[in-house]
Amino acid sequence: MPTVVPLTVAQATKAALLVSDLPKGWEGGVAPDRTPTIGLPVTYDPAECRVVRDPLRDGGTPATIIRGQYLLRAENPSDDKVVTEVIASFPADQLPLVRDIAEVLPRCGVIARTLEGLTSKTFVRQLPVPGLRDGVVLRFGDADDPTLKSDSYTAFVARGGTLLALRAGSDTFTTDAAFARFATTAVARLDAVVG
C-alpha cells in the first residue's frame, strides 16, 4: 500500500462532529483515543465477515485516533441515546479496507457471532446513500426477527489513510434515512478537512 500522511490530532478533531451537528439536546464531544481497546475475543461465522462488524480490530495501530461520544439523556440512564464516532488515521490508504467490506457483504447476509461461549445471529443489509463515495452504510438486526427490524447502524468511510466509523442504535435513529442523513453530515465534516 502506498504511504500517506495521517491526520494530526488537531485535524481529526476538526473533522469530528460537533454537538451543534446533532439535534437540540445532545451533548458530548471528542478526545484523542491513544489506546483503542480490542475487547473480548469474538469469533464470526463466516469468519470473513469479521471485517463487516469490526474492521479496526485487525488493522494495526493508527497513527492518530479520536473517539467522539454523543448522547441524548433520558429520564432513565439506560434509555440514553448514544452515537459513537471514530476517526482513525493510518500511514496507508484505507480504501482497500472499505472495498473488502463491500466485497464480502453478499456472503455476510447473516453472521453468527460467538462471545464467551454464547452465539447470536445478526443480519446485515447495506443501505443506499446517494452521493456517498468510498464508504458503506450498514444496518444490523436480529436474524431471527422475520420483520428484519434494525437494532443498529454502522458506517465506514475511507479518505486516504483515514477511516471514519460511526455506530448508533436504531432507538437513536428510527429510520434508515435518518441514519443515512447523519452519516452524510459526518462525511461532509471529514471531507472539509481532508479535501
Side-chain angles (χ1 to χ4, degrees), residues 4 7 11-26 28 30 48-56 59 66-72 81-90 92-111 122-143 145-195:
V4 296
L7 295 180
Q11 289 171 313
T13 301
K14 185 176 179 183
L17 290 164
L18 300 173
V19 172
S20 61
D21 293 324
L22 299 165
K24 186 176 179 177
W26 284 80
V30 299
E48 67 185 337
C49 296
R50 170 188 223 144
V51 71
V52 173
R53 285 301 278 174
D54 199 0
L56 288 171
I66 62 151
R67 181 178 308 273
Q69 283 290 149
Y70 308 93
L71 74 125
L72 182 60
K81 296 180 181 346
V82 178
V83 173
T84 302
E85 174 186 42
V86 173
I87 298 175
S89 201
F90 299 84
D93 190 4
Q94 295 304 295
L95 183 55
L97 176 62
V98 172
R99 286 184 177 150
D100 287 348
I101 295 169
E103 184 180 303
V104 301
L105 274 174
R107 297 182 298 280
C108 298
V110 174
I111 301 172
T122 187
F123 73 79
V124 183
R125 300 291 181 270
Q126 185 172 359
L127 301 179
V129 180
L132 179 66
R133 66 178 173 82
D134 301 336
V136 293
V137 178
L138 307 172
R139 177 167 58 108
F140 297 90
D142 182 352
D145 178 358
T147 66
L148 296 182
K149 182 178 183 252
S150 170
D151 65 22
S152 66
Y153 293 98
T154 303
F156 302 108
V157 178
R159 294 294 185 266
T162 300
L163 184 71
L164 167 68
L166 300 169
R167 295 186 195 277
S170 59
D171 59 340
T172 303
F173 295 98
T174 56
T175 66
D176 295 351
F179 185 76
R181 282 190 302 274
F182 171 72
T184 300
T185 299
V187 172
R189 289 198 62 79
L190 178 61
D191 284 345
V193 172
V194 298

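Atoms considered below: every heavy atom in the structure, side chains included; atoms not considered: hydrogens, waters and symmetry mates.
K81 has its side chain out of reach of Y70: every pair of non-hydrogen atoms, C-beta onward, lies at least 4.5 Å apart. The closest side-chain heavy-atom distance from L72 to T172 is not below 4.5 Å.
Of the inter-residue distances, the one linking R53 atom CZ with I101 atom CD1 reads 12.0 Å to the nearest 0.5 angstrom. To the nearest 0.5 Å, the span separating OG1 on T185 from CG on D21 amounts to 6.5 Å. For the atom pair T184 OG1 and R189 CZ, the distance stands at 14.5 Å (nearest 0.5 Å). Of the inter-residue distances, the one linking L163 atom CG with D134 atom CG reads 11.0 Å to the nearest 0.5 angstrom. Rounded to the nearest 0.5 Å, atoms CZ (R159) and CZ (R133) are 4.0 Å apart. Here the CG-CG distance, from L95 to D100, works out to 9.5 Å after rounding to the nearest 0.5 Å.
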**Prompt:** Could you walk me through whether F123 and D145 pass the side-chain contact (heavy atoms from CB on, under 4.5 Å) check?
**Reply:** CA-CA 9 Å; F123 73 79; D145 178 358; 5.8 Å; no
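Between the side chain of T122 and the backbone N or O of G141, at least one donor-acceptor pair lies under 3.5 Å. In this structure a side-chain-to-backbone donor-acceptor pair under 3.5 Å is missing from Q126 to L105. Side-chain N or O atoms of Y153 include one that pairs as donor or acceptor with a backbone N or O of D176 at under 3.5 Å.
Nearest heavy-atom pair across A158 and V98 is CB-CG2, 3.7 Å. Pairing each heavy atom of V4 with each of D93, the nearest pair is CG2-N, 4.0 Å. Residues A186 and L166 come closest through the heavy atom pair CB-CD1, 3.7 Å. Closest heavy-atom contact between G161 and Q94: O-CG, 3.4 Å. Among all heavy-atom pairs drawn from V137 and A155, the shortest one is CG2-CB, 4.0 Å. Closest of all the heavy-atom pairs between A143 and V110 is CB-CG1, 3.9 Å.
Every residue two or more places apart in sequence or in another chain that forms a salt bridge (charged side-chain N to carboxylate O under 4.0 Å, His left out) with E48 is listed here: R107.
Between W26 and F173, the ring-plane angle classifies as parallel under the 30° and 60° cut-offs.
Each of D191, I87, V194 was scored for a side-chain contact (heavy atoms from CB on, under 4.5 Å) with L164, with one residue passing: I87.
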